[in-house]
> 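Mind looking over this structure? Questions follow.
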2 protein chains.
Amino acid sequence: MNSVQGPSFQPLYLQIKDLLTQSLDAGEWKPGEAIPSEMVLAARYKVSQGTVRKAIDALAAENIVVRRQGKGTFVATHTEEKSSMFRFLRIRRVDGVDEYPHRRLVDIRRGKASAEVARLLLLRPGEAVVILRRVLEYSDEPVVLDEITLPAALFKGLTKARYDAYRGSTYSFFETQFGVRMVRADERIKAIAADPASAEILKVAVGTPLLAVERVAYTYGDRPVEWRRGLCTTKNHYYLNQLG
Amino acid sequence: MNSVQGPSFQPLYLQIKDLLTQSLDAGEWKPGEAIPSEMVLAARYKVSQGTVRKAIDALAAENIVVRRQGKGTFVATHTEEKSSMFRFLRIRRVDGVDEYPHRRLVDIRRGKASAEVARLLLLRPGEAVVILRRVLEYSDEPVVLDEITLPAALFKGLTKARYDAYRGSTYSFFETQFGVRMVRADERIKAIAADPASAEILKVAVGTPLLAVERVAYTYGDRPVEWRRGLCTTKNHYYLNQLG
DNA sequence: CAGTGGTCTAGACCACATC
DNA sequence: ATGTGGTCTAGACCACTGG
């Protein structure tokens with residue numbers, strides 16, 4: 001059922017994958033919901049089940065959907081079992097115990113995108129942004145001091161009260177409250193000395209070496225929608241990475 | 001052609017994948033060589049080409065093997081194009097230019113595995129190890145100070161002269177000279193202050209914040225075969241990570 | 001039981017590399 | 001022209017879930 005292929009050839013299953021991504025992006029199926037079965041999608045797109053399967057396999061490999069045998073294929077969520085909660089949280093306790101930190105919002109303020117943020121988030125310089133400052137606490141110990149910058153246009157009505165009231169991870173909050181789902185991120189890590197303000201919040205001496213982690217997070221279609229910078233104490237914690 | 005399945009069921013294509021991994025491990029096909037074609041493997045294992053294909057797909061997804069349309073499937077190498085050279089090297093210049101560092105071996109010494117190294121590399125405490133100390137230089141600037149610990153049993157005849165004489169990456173050296181191919185690694189990152197000895201080598205002030213990167217690298221079958229600890233200046237460089 | 005995803009097969013054809 | 005991997009199809013059967 002493959003149509004005539006234009007000059008810029010793309011396999012059928014990748015075309016189907018793009019169509020599915022568009023539907024996901026448009027919110028046709030919400031996070032946590034099931035997408036139609038392979039047979040139904042095959043009928044809709046007039047291709048064989050095997051081709052739909054390959055398209056879904058590709059989405060599953062990117063953690064955009066989750067397959068569950070016997071039940072169906074579901075739009076991935078940041079509100080899930082432990083396994084996926086640590087996908088975007090690489091900080092671990094040195095003793096190896098998996099602990100999900102308590103997040104304490106220091107303040108929210110509105111501002112204009114700096115040249116750097118505008119460049120990274122593909123905004124016009126000076127465009128409105130929302131900036132959250134947070135502290136992540138592990139067993140009541142402050143470990144990470146965060147600053148999260150978001151395009152205001154996508155996060156209308158983001159207030160401290162709403163953030164504090166939400167139970168669950170920050171990306172789960174973004175996803176359920178603003179329909180912005182993070183699918184991928186790039187991080188750059190440096191080591192820096194604690195400045196007085198950060199040192200006080202993290203309860204370390206001024207000049208203590210900290211990890212400085214900068215992140216750009218992307219939603220469907222590789223659109224950047226979050227910039228964050230975190231300072232992390234590594235007295236009792238480390239940053240975990242798997243190279244494969 | 002599936003045989004009767006015992007109590008611990010495993011799909012045929014995963015069984016084939018394991019057989020291929022064993023052959024790879026045994027050196028039946030060396031890095032850089034082509035493995036037999038899908039048709040030939042299908043005949044050998046008495047399964048369909050599609051099943052062999054799924055097995056190879058799984059190996060390709062883990063970067064153990066590389067497919068090249070029209071040519072064949074090849075055992076992956078650390079001696080390849082730029083794209084794969086940075087798979088285990090996450091240090092980048094802040095200006096974004098991709099530069100492969102010059103490695104300078106400080107010394108090689110032999111010793112016994114500490115309790116920690118023995119635990120991580122699954123050795124008996126006190127078992128013989130080889131320890132390399134290196135400096136990685138980017139544009140003549142020392143950036144990383146490394147200490148690499150290897151089980152002596154796997155790296156007989158490793159001398160400074162041989163290391164210095166080799167052209168190519170360290171993992172390429174291990175692979176071609178000792179038949180030990182790294183396929184995966186875990187890294188743990190902390191921020192620490194430069195001690196006097198390290199500071200001098202890296203040409204930074206004592207107390208300068210550095211990244212401390214600890215790595216355990218694994219070969220086929222998840223067998224740990226390298227432990228390393230690196231100290232990295234982040235004045236002009238950073239550690240890059242992709243979360244997906 | 002019916003419906004879902006998961007595996008396996010067999011065959012056709014396409015794209016690419018090499019001779 | 002031949003051989004390789006890449007795509008697509010159609011159908012059968014298995015494994016899991018839930019009514």
Side-chain angles (χ1 to χ4, degrees), chain A residues 1-20 24 29 32-77 80-81, chain B residues 1-20 24 29 32-77 80-81:
Chain A
M1 296 299 168
N2 199 351
S3 356
V4 178
Q5 291 151 5
S8 56
F9 167 73
Q10 213 188 4
L12 235 198
Y13 76 93
L14 287 181
Q15 298 177 36
I16 303 296
K17 182 193 169 200
D18 284 345
L19 291 175
L20 291 172
L24 252 1
W29 314 297
E33 290 179 10
I35 70 174
S37 76
E38 296 178 351
M39 289 301 289
V40 172
L41 290 172
R44 178 203 289 200
Y45 298 122
K46 304 251 179 40
V47 298
S48 77
Q49 187 196 4
T51 299
V52 170
R53 171 169 288 271
K54 266 204 93 169
I56 294 177
D57 281 345
L59 291 173
E62 296 173 28
N63 298 297
I64 292 187
V65 298
V66 177
R67 322 192 72 143
R68 279 180 240 209
Q69 183 172 141
K71 302 179 72 172
T73 300
F74 298 78
V75 184
T77 307
E80 279 178 38
E81 66 285 355
Chain B
M1 295 300 166
N2 199 350
S3 357
V4 179
Q5 292 150 6
S8 58
F9 166 75
Q10 214 189 3
L12 234 197
Y13 77 93
L14 287 181
Q15 298 177 37
I16 304 296
K17 182 193 168 200
D18 284 345
L19 291 175
L20 292 172
L24 254 0
W29 314 298
E33 290 179 10
I35 69 174
S37 76
E38 296 178 351
M39 290 300 290
V40 171
L41 290 172
R44 177 201 290 200
Y45 298 122
K46 303 252 178 39
V47 298
S48 77
Q49 186 195 4
T51 298
V52 170
R53 170 168 289 271
K54 267 205 93 169
I56 294 178
D57 280 346
L59 291 173
E62 295 172 31
N63 298 297
I64 292 187
V65 101
V66 176
R67 322 192 71 145
R68 279 181 243 216
Q69 181 171 141
K71 303 180 71 172
T73 301
F74 298 79
V75 184
T77 306
E80 280 179 37
E81 65 284 356

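The model shown is predicted, which means the values in this text are computed figures rather than measured ones. By convention in this document, chain letters (A, B, ...) are assigned in the order of the sequence lines, proteins followed by strands, and residues within each chain are numbered from 1.
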> Compare the minimum distances between each of D:dG5, D:dC8, C:dG5 and the side chain of B:R67, then state the nucleotide with the smallest one.
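Side chain of B:R67 sits closest to D:dG5.
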
> Can you name the nearest heavy-atom pair linking A:E38 to A:R53, along with the distance?
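Here A:E38 and A:R53 meet closest at OE1-NH2, 3.1 Å.
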
> Take atom CG of B:L59 and atom C1' of D:dG5, then tell me their distance rounded to the nearest Å.
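So the two atoms are 15 Å apart, to the nearest Å.
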
> Please tell me if A:K71 has a side-chain N or O lying less than 4.0 Å from either OP1 or OP2 of D:dG18.
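Checking A:K71 against D:dG18: at least one side-chain N or O falls below 4.0 Å of OP1 or OP2.
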
> Output yes when at least one side-chain N/O atom of B:T73 is less than 4.0 Å from OP1 or OP2 of D:dG5, else no.
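Result: yes.
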
> Please report, rounded to the nearest Å, how far the P atom of D:dA12 is from the CE atom of A:M39.
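A:M39 atom CE is separated from D:dA12 atom P by 12 Å.
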
> Report the distance from atom CD of B:E38 to atom P of C:dG11, rounded to the nearest whole Å.
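Rounded to whole Å, this separation is 16 Å.
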
> Does A:S48 place a side-chain N or O at less than 4.0 Å from the phosphate oxygens OP1/OP2 of D:dA10?
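No, no such contact exists.
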
> Would you please confirm or rule out a distance under 4.0 Å between OP1 or OP2 of C:dT9 and any side-chain N or O of B:T51?
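Looking at the OP1 and OP2 atoms of C:dT9, one of them is under 4.0 Å from a side-chain N or O of B:T51.
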
> Using whole Å, report how far CG of A:L14 lies from C1' of C:dA15.
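Taking CG of A:L14 and C1' of C:dA15, I get 15 Å after rounding.
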
> Nearest heavy atom decides the nucleotide; on that basis, is B:P36 or A:G70 closer to the 5' end of DNA chain D?
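Result of the comparison: B:P36.
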
> OP1, OP2 of C:dT4 versus side-chain N and O of A:R68: anything below 4.0 Å?
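Checking C:dT4 against A:R68, no side-chain N or O comes under 4.0 Å of OP1 or OP2.
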
> Would you mind reading off the distance between B:I16 atom CD1 and C:dC8 atom P, rounded to a whole angstrom?
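In whole Å, C:dC8 P lies 9 Å from B:I16 CD1.
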
> List the atom of B:A34, the atom of B:W29, and the distance in Å for their closest heavy-atom pair.
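Closest heavy-atom pair between B:A34 and B:W29: O-CD1, 4.4 Å.
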
> In Å and rounded to the nearest 0.5 Å, what is the CG to CG distance from B:L19 to B:L41?
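Here the interatomic distance stands at 10.5 Å.
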
> So does A:K54 get a side-chain nitrogen or oxygen closer than 4.0 Å to the phosphate oxygens (OP1/OP2) of D:dT7?
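Result: yes.
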
> For B:D57 and C:dT7, what is the distance between atoms CG and C1' respectively, to the nearest whole Å?
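That distance rounds to 14 Å.
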
> For D:dG6, does the base pair up with any side-chain atom of B:R53 as donor and acceptor (N or O, under 3.5 Å, distance only)?
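Such a pair is found, so the answer is yes.
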
> Search all heavy atoms of B:G32 against all heavy atoms of B:T77 and return the closest pair with its distance.
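In this case the closest contact between B:G32 and B:T77 is N-OG1, 3.2 Å.
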
> Counting side-chain heavy atoms from C-beta on, which of D:dG6, D:dC16, C:dC8 comes nearest to B:Q69?
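Among the listed nucleotides, the one closest to the side chain of B:Q69 is D:dG6.
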
> How long is the line joining CD of A:Q49 and P of C:dG5, in whole Å?
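Interatomic distance, CD of A:Q49 to P of C:dG5: 8 Å.
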
> Please give, in whole Å, the distance from C:dC13 C1' to A:Y13 OH?
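After rounding, the reported distance stands at 16 Å.
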
> For A:V52 and B:I35, find the nucleotide of DNA chain D closest to each by heavy atoms; which residue's nucleotide sits nearer the 5' end?
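Mapping each residue to its closest nucleotide by heavy atoms, the 5'-most match is B:I35.
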
> Rounded to the nearest 0.5 Å, how far apart are NZ of B:K17 and CG of B:L24?
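Nearest 0.5 Å value for the NZ-CG distance: 11.0 Å.
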
> Do the side-chain N or O atoms of A:S37 get closer than 4.0 angstrom to the phosphate oxygens (OP1, OP2) of C:dG3?
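For A:S37, the contact criterion (side-chain N or O under 4.0 Å from OP1 or OP2 of C:dG3) is not met.
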
